[in-house]
Amino acid sequence: MLRIAICDDNEHVCVQMKEFCASFLGDSINYELLIFNDGLQLTNYEQHLDIVFLDIEMPFLDGFKAAEDLNKRNRDTRIIFLTNYSEMMQKAFKVKAFRYLVKPVNEEDLKESLAEAIKDVYSNTKVIVDCSEAEVKTEIIVYEKDIMYIEAIGDGSVIYTVDQGNLISRKPLKYWEEKLADALFFQTHKSFIVSLAYVTSVRKNSVTILGGAEVPLAKRKAAIFNDYVAAYIKSI
């Protein structure tokens, strides 16, 4: 699940930006949208945040100090600063800002920044594949962006990748369904999960993956799958 935060001491800005984000994200992605009214509230939040829209001038803890604290804890958070003054942005990039938006925030600028941040999250997300057998423990790190599709085999699964071949995992398909990014992967059939990035064509009962592999598409999932593909194409 993608976790996005808006941190601003102006309630009107928070409400407006929440509406902009919800309008862009729609129902095709599993996400949580959190609101914080000052930097201290934000840094006291213990769970990982993928994307943060962060005001600079706030009480208790300003945006720059909040960004420094977030970066110390986890450098994978994409920080998009909100400011009334574009000249402050030189300092913003010293604390690893992903982007910045000048207030009043334009809806299209916000959506563009959000789309780029989401793309960056997905392109850099890694998973650990447990390929252990008997007493030999083997764990392989794979980028989600390199997974083409996954097939259930017995109690485990096979992960078909771009550069690392076919990896036999001890984890069942249900594990990968819960683990992988909702906006990038879709379970087309009880035995298959596909990456939307590698779909080359969709037929009535099947999906073709880059390289020519065909996986089944359950009839009851066909309509929503087409919606997911459309949403993915829109985001890239």
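The residues of the chain are indexed from 1 along the displayed sequence.
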Nearest heavy atoms of Leu54 and Gly63, plus distance in Å: CD2-O, 3.3 Å
Before accepting this row, confirm whether a basic side-chain N of the pair Asp155/Arg170 lies closer than 4.0 Å to the acidic partner's carboxylate O. no
Checking side chain to side chain contact (heavy atoms under 4.5 Å, CB included) for the pair Asn37/Cys7: CA distance, chi angles, key distance, verdict? CA-CA 6 Å; Asn37 296 123; Cys7 184; over 6 Å; no
Look at the side chain of Ser23 and the backbone N and O of Glu19, then say whether any donor-acceptor pair between them is shorter than 3.5 Å. no
With the side chain counted from C-beta on, respond yes when Phe192 and Ile209 share a heavy-atom pair under 4.5 Å apart, and no when they do not. no
Taking C-beta and beyond as the side chain, do Phe186 and Val207 meet within less than 4.5 Å on heavy atoms? no
Proximity of Tyr149 and Tyr198 rings by center, below 6.0 Å: no
Who are the side-chain hydrogen bond (donor to acceptor under 3.5 Å, both in side chains) partners of Gln47, not counting sequence neighbours? Arg3
Between Asp146 and Val142 (side chain of the first, backbone of the second, donor and acceptor by atom type, cut-off under 3.5 Å), is there such a pair? no
For the pair Asp62 (side chain) and Met58 (backbone), establish whether a donor and an acceptor sit closer than 3.5 Å, ignoring hydrogens and angles. no
Of all heavy-atom pairs between Trp176 and Val129, which one has the smallest distance, and what is that distance? CH2-CG2, 4.0 Å
What are the two closest heavy atoms between Ser191 and Leu173, and how far apart are they? C-CD2, 3.5 Å
Students should find that the hydrophobic cluster of Val15, defined by side-chain heavy atoms under 4.5 Å apart, otherwise consists of none
Which residue in the set Ile4, Leu25, Ile51 passes side chain to side chain contact (heavy atoms under 4.5 Å, CB included) when paired with Leu33? Ile4
Using side-chain hydrogen bond (donor to acceptor under 3.5 Å, both in side chains) as the criterion, list what pairs up with Arg203, not counting sequence neighbours. Thr208, Glu214
Short side-chain to backbone donor-acceptor contact, Glu116 and Glu112, under 3.5 Å: no
My understanding is that only one of Phe98, Phe64, Tyr100 makes a ring-ring contact (aromatic ring centres under 6.0 Å, His included) with Phe81; could you say which? Phe64
Please determine if Lys111 and Glu107 form a salt bridge, counting it only when a charged side-chain N lies under 4.0 Å from a carboxylate O. yes
Enumerate, atom names and distances included, each donor-acceptor pair closer than 3.5 Å involving a side-chain atom of residues 159-166, sequence neighbours excluded.
{"from": "Tyr160", "atom 1": "OH", "to": "Glu151", "atom 2": "OE1", "distance (Å)": "2.8"}
{"from": "Thr161", "atom 1": "OG1", "to": "Gln164", "atom 2": "N", "distance (Å)": "2.9"}
{"from": "Thr161", "atom 1": "OG1", "to": "Gly165", "atom 2": "N", "distance (Å)": "3.0"}
{"from": "Thr161", "atom 1": "OG1", "to": "Gly165", "atom 2": "O", "distance (Å)": "2.7"}
{"from": "Gln164", "atom 1": "NE2", "to": "Ile141", "atom 2": "O", "distance (Å)": "3.3"}

Check whether any side-chain N or O of Arg78 sits under 3.5 Å from a backbone N or O of Asp120 as a donor-acceptor pair, and report yes or no. yes
Starting from Ile128, can I reach Ile150 by hopping between I/L/V/M/F/W/Y residues whose side chains sit under 4.5 Å apart? no
Evaluate the side-chain proximity of Leu61 to Asp69: yes if any heavy-atom separation is below 4.5 Å, no if none is. yes
Passes side chain to side chain contact (heavy atoms under 4.5 Å, CB included), Leu101 versus Leu110? Steps please. CA-CA 7 Å; Leu101 296 171; Leu110 180 143; 4.2 Å; yes
Please check: side-chain N/O of Ser206 versus main-chain N/O of Pro216, any donor-acceptor pairing under 3.5 Å? no
Under the ring pair (Phe, Tyr, Trp, His ring centres under 6.0 Å) test, residues paired with Phe185 that sit two or more places apart: none
With sequence neighbours excluded, residues passing ring pair (Phe, Tyr, Trp, His ring centres under 6.0 Å) with Phe53: none
Heavy atoms of Pro59 and Asp38 approach each other most closely as O-CB, 3.7 Å
Start with the C-alpha distance between Ile168 and Ile153, add both sets of side-chain angles, then the distance that settles side chain to side chain contact (heavy atoms under 4.5 Å, CB included), and finish with yes or no. CA-CA 9 Å; Ile168 300 175; Ile153 300 290; over 6 Å; no
